[in-house]
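The shown structure was predicted, so the numbers you read here are calculated from the model rather than taken from an experiment. Labels below follow one simple rule: chain letters A, B, ... track the order of the sequence lines, proteins then strands, and each chain is numbered from 1.
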Amino acid sequence: MALSEANFERSMQEIPPYLDKLNEPQRAAVMQTEGPVMIVAGAGSGKTRVLTFRIAHLLKQGVDPFSILALTFTNKAAREMRERIEKLVGGEARNLWMGTFHSVFARILRMEAEKIAYPRDFTIYDSDDSKSLIKTILKEWNLDDKTYKPGHVLSRISMAKNNLISSAEYISADELTGEDRKSGRARFGELFAEYEARCKRAGAMDFDDILLNTEKLLRLHPDVCHKWQHKFKFVMLDEYQDTNRVQYMITKRLAAVHQNICVVGDDAQSIYSFRGANIQNILSFERDYPDARVFKLEQNYRSTGTIVQAAGSIIKNNKNQLKKNVWTSNEQGEKIRVVRNISDNEEGRWVAQSIFEEKMRHRLPNKAFAILYRTNAQSRSFEEGLRKLNLDYKVYGGLSFYQRKEIKDVLSYLRLVVNPTDEEALKRIINYPARKIGSTTIDRIILLASEHACSLWDIVNSARKHPLLGSSTLALENFAIMMRSFQAMLTTHNAYNLALHLAKQTGLLKTLAEDKTVEGISRYENVVELLSGIQEFVEDDTSESEKGLAEFLQEVALFTDERKDDDPNRDTVTLMTIHASKGLEFPHVYVVGMEENLFPSQMALNDRQDLEEERRLFYVAVTRAEQKLTLSFATTRLRFGQILPCEPSRFIDEIDASFLDMDKSGFKKPSPAPRAETAYSPFQIKRNTGAGPQGNTPPPPDPDFKEGDISGLAEGMRVQHQRFGYGEVQRVEGDEDQRKATILFDQFGEKTLMMKFAKMRIVES
DNA sequence: TACTAAGCTCTTTTT
DNA sequence: GAGCTTAGTA
């Protein structure tokens with residue numbers, strides 16, 4: 001049912017009571033339901049609130065939930081929004097078309113699969129599958145995987161796809177192929193084409209294909225396009241600053257008929273350009289839709305004055321941005337604490353201790369605290385620290401449940417049952433549990449499949465016809481018979497019974513049960529949990545959609561989030577990357593690892609654009625905090641298996657000094673010394689003169705030391721290191737970039753240092 | 001073919 | 001340090 005004229009008129013005049021809680025600009029944005037709308041929302045300004053109320057408002061006006069499309073970036077955001085809307089309007093919210101770009105479009109693609117010549121039950125390759133496929137092709141073609149690093153190849157393919165460049169277009173684009181030739185990867189284009197063909201042959205789509213094929217579907221099939229365009233009367237996009245070109249094209253097309261498109265975003269929080277996000281989308285919305293209404297939400301309700309203003313002082317260093325003036329009427333609050341620790345382990349201990357103290361002093365639950373870091377690998381020292389103090393914590397991200405080996409094994413079997421042409425699934429489990437089908441045989445199968453231009457399964461399924469397979473024929477036949485028996489069950493059994501039978505029949509459960517190590521037991525338990533997850537999925541009757549194995553697999557493939565938490569009421573400290581923290585807020589936030597080369601990441605240092613993105617990331621981190629913010633860094637850190645000296649991040653320096661509280665932490669901010677554009681001068685660390693053991697405090701850095709200027713270093717020499725002082729060289733090994741020196745320091749004992757980063761000089765040859 | 005030990009590489013962020 | 005690949009052995 002469309003919004004009637006009368007309803008619309010009324011909505012413009014009266015303020016419905018359920019919108020009482022919104023402030024003026026928020027309410028205006030909510031009530032402007034017709035036409036293109038852009039909501040530019042600063043951090044903590046109630047962006048999600050506006051979006052949820054807007055959808056609730058539409059529903060209250062009698063708009064059919066099936067005609068509202070709301071797209072988010074993460075499953076978590078979608079789930080949260082659905083729950084909030086449900087609270088406002090009730091069960092109707094279930095029928096909204098709401099989810100991540102990938103999950104919604106995968107659903108559409110499944111319905112329209114035959115139009116783009118894919119099986120209805122196509123497989124979704126995750127990045128591991130994609131990478132493994134690339135590796136397989138490289139091996140077949142005898143290409144060196146050092147020149148063609150699978151990760152790089154994949155990200156370049158992804159970049160092309162996100163910009164709507166097909167392999168054919170890629171190959172005919174001289175600029176792109178020129179780049180490849182220059183870098184010695186002349187066959188990249190062919191590789192791209194082969195990768196595409198192999199995915200197609202396997203009836204599989206990778207993450208990017210889901211978007212790409214949706215775009216293709218709508219562009220090449222006007223009837224289909226017409227249908228969906230008319231279906232979705234209202235289109236809403238969250239985190240618009242992070243959309244890429246394909247997503248932009250799709251949503252633009254979908255909204256073309258009704259023109260009721262509403263985008264919400266904050267250019268200052270655009271942190272996904274590595275995934276193809278195009279900040280231009282938000283910067284040029286008004287050009288695309290000249291009659292667009294723009295609403296700015298600039299009042300921050302989340303954080304203290306200090307945090308809001310400090311965040312402003314950070315982001316003003318970026319050139320590329322929309323003008324905004326984020327402010328708050330909240331109290332000024334505490335200053336930002338900056339802490340130096342002598343090592344990453346010490347940092348973990350200190351942060352845990354600090355959380356413990358704050359918790360006691362202010363009687364706070366664990367969940368009031370979050371530790372945010374740049375990379376997942378940093379979580380370790382904090383986990384240790386928290387464990388020692390018995391503080392319950394939860395690490396988000398990293399390896400999710402569905403990425404575990406044992407889970408992927410079971411899923412691969414199930415994938416193969418649903419879609420026998422799925423090559424990655426087949427390769428994964430054809431010899432697991434071991435059934436005498438070794439790598440030689442697998443290579444031969446791949447070879448035969450290429451020769452016959454058919455799938456691996458076709459070869460396995462007709463093993464007898466291929467003399468090349470020789471002695472493995474029987475093992476292969478048995479495998480094929482078993483798989484066929486599972487496939488036959490698809491029509492007779494539900495997904496849970498099939499999966500349970502399969503897990504027993506293949507010997508998977510037995511193999512896992514035999515392993516009595518701690519990890520082995522947990523693997524077994526995980527598989528059991530997966531099975532009960534399938535059961536839950538099958539028996540869930542809150543939604544109308546089909547509950548088959550294929551549907552389960554699709555949901556799982558796109559659900560890289562945490563699994564449904566074991567106990568959502570557990571009171572835990574949150575540990576996550578800054579990327580994962582977007583959209584969340586915590587009373588106390590610790591942003592840790594604030595070191596040059598780590599945050600900002602080393603890779604971002606050469607390029608202004610990249611550095612600006614890192615800065616936006618820092619902005620995101622800072623604005624997660626409601627009450628108190630702590631920035632911490634270490635002066636040495638274990639990286640690449642060795643201890644490296646670290647300098648404080650330039651970002652600390654960029655915060656207006658008046659917001660920082662440095663004295664308590666034992667050092668003060670230096671006077672802003674003039675410095676060159678490129679070189680970054682670190683803080684002068686004031687020596688801790690307080691009580692307590694002093695033994696291991698490194699001496700202050702000497703600005704005369706030059707990085708990596710130790711070409712003549714050899715065994716037996718005496719050196720002076722910027723931080724560790726005097727020592728004797730024990731060994732020098734490795735070459736060029738990898739050159740390391742093991743030095744026995746007088747005060748600190750033996751350390752191995754990367755010479756590229758080491759700041760030291762030779763005192764005595 | 002299967003298993004173990006040693007060696008090598010990669011260190012960003014996620015659907 | 002971790003994860004993966006390779007080489008070597010049963």
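- If you take atom C1' in B:dT13 and the same atom in C:dC4, they sit 22 Å apart, rounded to whole Å.
- If you measure from atom NZ of A:Lys131 to atom C1' of C:dT5, you get 14 Å, rounded to the nearest angstrom.
- Taking the six-membered ring for Trp and thresholds of 30 and 60 degrees, A:Phe651 and A:Phe618 have nearly parallel ring planes, at less than 30 degrees apart.
- Taking only side-chain nitrogens and oxygens, A:Thr74 never comes nearer than 4.0 Å to OP1 or OP2 of B:dT14.
- Rounded to whole Å, atom C1' of C:dG1 lies 14 Å from atom CD of A:Gln378.
- The CD-P distance, from A:Glu239 to B:dT14, rounds to 14 Å in whole Å.
- A:Asp126 and A:Tyr402 are not linked by any side-chain donor-acceptor pair at a separation below 3.5 angstrom, with hydrogens and angles left out of the test.
- Heavy-atom distances under 4.0 Å link DNA chain B to A:Asn431, A:Ala434, A:Lys436, A:Gly438 of residues 429-438 of chain A, given in residue order.
- Going from atom NZ of A:Lys76 over to atom C1' of B:dT14 covers 12 Å, rounded to whole Å.
- Considering only side-chain N and O atoms, A:Asn376 lies under 4.0 angstrom from the phosphate OP1 or OP2 of B:dT13.
- Checking B:dT13, C:dC4, B:dT15 against the side-chain heavy atoms of A:Thr577 singles out B:dT13 as nearest.
- Rounded to an integer number of Å, the gap from A:Asp344 CG to C:dA2 P is 13 Å.
- Within 4.0 Å of A:Lys582, counting heavy atoms only, lies no atom of the nucleic acid at all.
- Among the heavy atoms of the strands lying under 4.0 Å from A:Thr440 are primed sugar atoms or P, OP1, OP2 only; no base atom is included.
- Applying the salt bridge (Lys or Arg N to Asp or Glu O under 4.0 Å) criterion to A:Arg349, with sequence neighbours excluded, gives A:Glu346.
- Checking C:dC4, B:dT14, C:dG1 against every side-chain atom of A:Ala580, the shortest atom distance belongs to B:dT14.
- A:Phe73 comes within 4.0 angstrom of the backbone, heavy atoms only, and of no base.
- Between A:Val622 and A:Val589 there is no side-chain heavy-atom pair separated by less than 4.5 Å.
- The line from CD of A:Glu347 to OH of A:Tyr373 is 12.0 Å long, rounded to the nearest 0.5 Å.
- Whole-Å rounding puts the A:Met576 CE to B:dT14 P distance at 10 Å.
- When heavy atoms are screened at a 4.0 angstrom cut-off, A:Lys149 is found touching the sugar-phosphate backbone but no base atom.
- Distance, A:Asp128 CG to C:dG3 P: 13 Å, rounded to whole Å.
- The CG atom of A:Leu154 sits 5.0 Å away from atom OG of A:Ser130, with the distance rounded to the nearest 0.5 Å.
- Under the ring pair (Phe, Tyr, Trp, His ring centres under 6.0 Å) rule, A:Phe101 has a single partner from A:Tyr248, A:Tyr240, A:Phe207, A:Phe73, which is A:Phe73.
- Annotation: side chain of A:Arg428 is in contact with side chain of A:Asp409 (closest heavy-atom distance under 4.5 Å).
- Residue A:Ser158 is classed as having no contact, given no heavy-atom separation below 4.0 Å to the nucleic acid.
- In this structure, A:Phe101 does not pack face-to-face on the six-membered ring of B:dT15, missing the 5.5 Å centre cutoff or the 30° plane limit.
- Nucleotide C:dG3 holds its P atom 12 Å from the CZ atom of A:Arg404, rounded to whole Å.
- For the pair A:His152 and A:Asp208, both in contact range of DNA chain B, the more 5′-proximal nearest nucleotide belongs to A:His152.
- Closest to the side chain of A:His579, out of B:dT15, B:dT1, B:dT13, is B:dT13.
- A:Asp126 comes within contact range of no nucleotide atom at all, as no heavy-atom separation falls under 4.0 Å.
- Among the nucleotides B:dT13, B:dT15, B:dT1, the one closest to the side chain of A:Thr441 is B:dT1.
- With B:dT13, B:dT15, C:dC4 as the choices, the nucleotide that has an atom nearest any side-chain atom of A:Thr100 turns out to be B:dT15.
- Remark: A:Lys405 qualifies as a cation-pi partner of A:Tyr432 under the 6.0 Å distance and 45° angle criteria applied to the six-membered ring.
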